[in-house]
Amino acid sequence: MLRQNHLHVSLLYIVLLTGTKYGCGGGGCGACTVMVSRYDQIHNRVLHYTVNACLQPICTLHGAAVVTVEGIGSTKTKLHPVQERIAKAHGSQCGFCTPGMVMSMYTLLRNKPHPTMEDIREALGGNLCRCTGYRPIIDGFKTFCVVSNAFNLFPKARKNDCVLNKCLIPCQISEELFHMDNVLPLDPSQDLIFPPELMKRACGSLCFQGDRLKLISPVDLTNLLELKTEYSEAPVVVGNTTIGPNMQLKGVHHPLIIYAGRVSDLHTVTWGKDGVSMGAVCTLSSLKEEMERAVREMEAERTRGYQALLQTLRCLAGKQIRNMATIGGNILSANPKYDLNSVLAALDCTLQVMSKENGTRTITLNEELFTGFGKTALRPDEVLLSIDIPYSKPWEFVSAFRQAQRREFAFSIVNAGMKVVFREGTNIVESLNIYYGGVGATLVKIGRTCQKLVGRSWGEELLADACCLLEEEVELSDSAHGGKVEYRKTLTTSFFFKFYMQDVNVCLLPLEYLSALKPFKNEVPQGHHSFQLVSNAQSSQDPVGHPMMHQAAFHQATGEAQYYDDIPPVQGELFVFMVTSTRAHAKIINIDPSEALGMTGVVTFLSAGDVPGQNRRMLFNNPEELFAEEEVSCVGQIIGAVVAESREQARRAAQRVKVTYQDLLPVFFTIEEAIQHQSFFDLKRKLERGDMDKAFETVDQILEDEIYLGGQEHFYMETQGLIAVPKGENGELELFVASQHSAYTQEVVGITLGIDSNKITCHVRRLGGAFGGKVMKIASLSAITAIAAVKTGRAVRCVLERGDDMLITSGRHPFLGKYKVGYNNDGTIMAADITYYSNGGCTLNESSVIMEKALLHMDNGYRIPNLRGRGLVCKTYLPSYTAFRGFGGPQGLMVMESVLHEVAVKCGLPPQKVREINMYREEECYTHHKQLFSPRNMLRCWDECLDKAGYHDRLQAIQQFNTSNRWKKRGISAVPMKFGVGFSKGFYNQGAALVNIYKDGSVLVAHGGTEMGQGINTKALQIASRILKVPMSSIHIKETCTGNIPNAAPSAASFGTDAVGMAVKVFQRSLVSDLFVLSCQLPWTMTIGVGKTIFEAYCQKVSLSATGFFLGPHTGVDWENSEGPAYYYFTFGACCSEVEIDCLTGDHKNLRTDIVMDVGRSLNPALDIGQIEGGFVQGIGLYTIEELQFSPEGVLMTRGPSQYKIPALCDIPPQLNVHLLANAQNPHAIYSSKGIGEPPVFLASTIFFAIKEAVAAARRERGLGDSFPLSSPATSERIRMACEDQFTEMVIFLHIIGLFFQRTQIKLSSRLKSCLMKMLH
């Protein structure tokens, strides 16, 4: 009986191999990557390829060998070189994605022991990382390249003169974050052999029967056809990349599935005189390899179509999906977002299909094949045998186009395949094929346009008419699925314009048009890094200040690092699944769980009536409900929970709980709507300095504008969850929980259960990413799971699916900043009045303190004498937004930078100059909330950043580039940063630690911080090693536990290391002093060793255990008087970024970024640079890619990696340089270091403003103004529509005309539409 159908589930719950991680369930993140090996009987070879275990049905692996990360090496035996090098190169932070990265690289090396950089880039294209920024992963893996030395991995240290106190102080600067001395060599002879018993010829048909699912695996075509005749409704699967996500994530059920992967007739590849015939179950990787071979070996004229197909395949999905997905499955899925169909249709490909009754027939692959979304014209009993892809003929030209949220590993927004055939020796169009995907429910053929263009000369007149005809023929209503209507229509004409230019005589094109023909090339990120070496006077045994490897890196690389869902199941363990609201604002009439309770395996249903303690609690003086009782106020609000014997049973049963609603009004979701309804939470904040009214009377100019910043999903790789284990005595309960704030989780669970906190113990070993998202929301999930555990008396596990996690827990607050600015003509800003609106969602949660942080950061690094900021949190009917890395700082800073940018535009000055004019410059300055600070290091960061980036020279080069290129433009931007570290609520600025020294001399340290990838444990080890003067290997960091460290503050606000490090330092003062006195009395201990000293201390009754408590600074703000020290200190930095945009599609490429950051005296330069890069890349997502989308009913539509795109390897600047400011001091924190977790996110705003500069260059060329609205994120849609040109104007004009006629109920005929378009042209 097959109970667990998918490989990752089987690995976790049957084989108890936990290295393969579950990140999304849809093949969209790569965390579950494993290597599959099969024996190829035809070619007598073993094939190794990566797959996503979450999509791989285990019963389809008959005859295959599976290698997981545990199989290639471990800390207990021997590391594999891949594991060793990613760890030593600092390529692992939270570590959740690391096993997947390791397996992708391992598989590449099995196939190609000496890979190129391009091979590595392709191999990792299907793996996401939310922590590192990818660069250190590449640094570790590129050491396997034969040319790795060419990348200057290990330059020597150099001397540098650093300006400090106006004196030149020489210091040693290093660019070496790691070295590869004595690393394990790659020895292919030591690889695992393929099991010989699997080389035997496959057996006959197989049948697997599960509780609800039957899978039949035929071995020959005859058997397959018989099965399809008998079970015509059963889907045929091979890669499972479409059926799998539908079944796992959307609840689609198929009682019977036919697996065709073992039918050899469907794998054949036949090259003939007319082209190639690809078997239907050939994978996309196989198709790509065949196309590459053809392009490499054949004359270019015959392979034009193959080259276009290759261009699409290189961007299609990730390597793992291409290894699984088949060409037949891609076609028959009939999804217009799948890119292949438009290209294959343009190439006039044909399909060979067969049934038992009717034999074989040939079908042309065109729009008629697709009868609806997900539907084709194939008969129910027919099977696709092969696809015939013809060679290109003379005078035949083919192109493929696509535009997606991300250049790689993303579904296209619009894709196109186009082919033109010219009459021999002329430019007369003989035939024309144009197909679009993404502009309708099915593949769209542009038939009328093509017909009208046949027989005409390929010239500008044809182009003009073609654009008009396309606008007329491509129809998208305002309510079209997927939205972006004007953008999608614009892309159709932009794509044709590119096609026209590619196929016109290059000599006839203006030179400035040629760059539009070159697509952006994806490159692997490289970088230069520099940091100050420790003093020569420092002991060689002292690890502080050295770039030490993450303490758990080896365990993360081998899959041995344990996360909460890796804990083996407890005997009798149950699973809980949440029942959430499907309405945004409604009264609950009835909750009926009866059908769910009658299902197999269901144990109980929980709702508000099952809460033994309090269902409602106060948070920041606002009520929060655990279970909705009478009314729901957002889609995704938790109403109840189903507890069952298995995850799948709980999930299915939750869908059967019937909730009856009565809809309520009003319902609104946006900031603008909230302002219209005057819907705000009570808390309103204001900060002000100077005399605003007087200032506005005296300035030269006044500007009023606004900027909108969208929200952001945390997308930590490990979803939220926990295990609750009742102890059965005195009501004790243990929680193994993914929380940044275990003390708060403990408190909420206690309130909910009605028991004291001392009976609840929370354990947190590590988090697979958090970014603020696991501070508050996890407490509610923990309380519900705890109720289930108490009610049933059994352990209960809660693991949110990715989509539910995104729906329930929400993310970063959207902001709207409206400002009125008074400035002089030289760019000096004299007054700024800014109102911040945030979308708080349906409850206040942490929105008030997030708004406070935005206001406290509104000045950034600028001395604006008259400054006022007001903050209002909007109450809407969306899930409440919560904490996210930066905690309002990136939004507050971004609005001020928009002010500076727009003032520069109005003054006709370079933005960099306006920024410099307005910077704080005195040695002692006061912020707008009257906190004293020195901007010296901020100014140093700024100057060094511009210098290292070569800003002024590159600015001139960019101006020259823009003059020479019409459809590609570049922009560059630099910003300074002043970011407050610590909590503005002073009571959170505290830390505690516990140290135990054992008789053998080993040391155990426990602290209140949470390890979530930032390296807090590693830094704590370094600090403890320095103070105790013992090697780091003798010290062990215990899990975070409320039983060891009570009432710990959350690990947030970039303050974790400060609090923990100082606590470690404090507790060791007394302990070390006692041991020092004893050692002075026992001089012989210097030779015998520390173990003997400790044993003697024990005999002398010296306490070998101590606690340390760090009483942090008092911070706080008097909001009535706009004053107070809000932060412990400030972290400074500066960043410069350059981008290039494609004006025709809105695509952009990040070319280079230079960052200089003041981190004080870095405790660990490798970890700090890793945090800077990771935060910056998360900021790239915030400001350019990541976009939350909701339906008109308030349903979150972007609920997984298929819809929501975080930065991938292709989004990282090829040059990413990070430099730590030398000779920087910070007397406030541990060993003069500084917190660094949050500040770098904002630095990615340089990408946004560089994009805005590039768009402005395009607009200037058309005589349009430099000042234009651009909301964040600067997506491809927003970039394209801001680059106004004849194509956007056509679309917008026709759209406006259409709306007019629609409202006046006058029919807009095709003829009238055509006339209007010609008038516009």
Side-chain angles (χ1 to χ4, degrees), residues 19 69 72-106 108-109 115 117 120 123-124 127 129 131-145 148-149 151-157 174-187 190 524-531 533 543-561 1011 1013-1015 1017-1019 1021-1022 1025 1031-1033 1162-1174 1218:
V69 70
I72 69 171
S74 77
T75 59
K76 300 180 183 69
T77 54
K78 182 182 179 182
L79 296 175
H80 188 276
V82 173
Q83 295 168 323
E84 181 187 34
R85 296 189 196 188
I86 192 175
K88 286 191 171 182
H90 315 291
S92 181
Q93 289 187 18
C94 87
F96 201 81
C97 73
T98 308
M101 296 283 183
V102 166
M103 291 312 300
S104 288
M105 187 64 197
Y106 172 79
L108 171 62
L109 294 176
M117 292 296 286
I120 294 175
L124 298 183
N127 292 79
C129 176
C131 295
T132 64
Y134 300 96
R135 189 275 314 161
I137 299 171
I138 295 294
D139 273 3
F141 289 164
K142 72 185 182 185
T143 59
F144 293 105
C145 297
S148 63
N149 289 337
F151 298 107
N152 195 28
L153 267 179
F154 320 118
K156 301 295 184 183
S174 175
E175 296 178 351
E176 183 178 324
L177 285 174
F178 66 95
H179 59 85
M180 287 292 167
D181 298 341
N182 303 317
V183 294
L184 295 167
L186 179 67
D187 184 359
Q190 298 301 305
V524 293
Q526 312 277 344
H528 291 95
H529 310 88
S530 66
F531 61 93
L533 291 171
V544 171
H546 292 284
M548 308 295 293
M549 186 179 72
H550 191 289
Q551 158 269 338
F554 284 146
H555 288 86
Q556 290 169 343
T558 60
E560 296 169 79
E1011 175 59 63
Q1014 82 280 40
N1017 285 349
T1018 308
K1019 290 183 176 180
L1021 284 174
Q1022 291 175 275
S1025 175
M1032 290 173 63
S1033 59
S1162 174
L1163 296 174
N1164 187 322
L1167 296 184
D1168 288 345
I1169 287 173
Q1171 285 289 289
I1172 292 167
E1173 290 176 330
V1218 178

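In what follows, every heavy atom counts, from backbone to side chain, and hydrogens, waters and symmetry copies are set aside.
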Residues forming a side chain to side chain donor-acceptor pair (under 3.5 Å) with [X], sequence neighbours excluded:
X    : answer
T558 : E560
N182 : none
T77  : S74

[X] vs [Y] side-chain heavy atoms within contact, under 4.5 Å:
X     : Y     : answer
N1164 : Q1022 : yes
M117  : I138  : yes
Q1014 : C94   : no
D139  : K142  : yes
C145  : I120  : yes

Fill in: Which atom of G19 lies closest to which atom of V69, heavy atoms considered
CA-CG1, 3.7 Å
Discussion item. Which heavy atom of P1165 sits nearest to which heavy atom of G545, and what is that distance?
Written reply: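 For P1165 versus G545, the nearest heavy atoms are CD-O, 3.3 Å.
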If the condition is side-chain contact (heavy atoms from CB on, under 4.5 Å), which residues does [X] pass it with, not counting sequence neighbours?
X    : answer
A561 : H555, Q556, Y563, R766
C129 : C97, M101, C131, T132, Y134, I137
H80  : I72, V82, Q83, Y106, L186, D191

First locate atom [atom1] of [X], then atom [atom2] of [Y], and finally report the distance between them rounded to the nearest 0.5 Å.
X    : Y    : atom1 : atom2 : result
T98  : N127 : OG1   : CG    : 10.5 Å
F178 : M548 : CZ    : CE    : 15.5 Å
S104 : L124 : OG    : CG    : 6.0 Å
L177 : F531 : CG    : CZ    : 5.5 Å
F141 : L109 : CZ    : CG    : 8.5 Å

Show the atom names and distances, to 0.1 Å, of all donor-acceptor pairs under 3.5 Å that link a side chain in residues 1167-1174 to residues at least two apart or in another chain.
from, atom 1, to, atom 2, distance (Å)
D1168, OD1, K1019, NZ, 2.7
D1168, OD2, S1162, OG, 2.6
Q1171, NE2, Q93, OE1, 3.1
E1173, OE1, R135, NE, 3.2
E1173, OE1, R135, NH2, 2.7
E1173, OE2, R135, NE, 3.0
E1173, OE2, R135, NH2, 3.4
E1173, OE2, H529, NE2, 2.8

Worksheet item: Given T1018 and M549, is the side-chain contact (heavy atoms from CB on, under 4.5 Å) satisfied, shown in steps?
Response: CA-CA 8 Å; T1018 308; M549 186 179 72; over 6 Å; no
Worksheet item: How would you list all residue pairs meeting salt bridge (Lys or Arg N to Asp or Glu O under 4.0 Å) that involve residues 83-100, not counting sequence neighbours?
Response: E84-K88
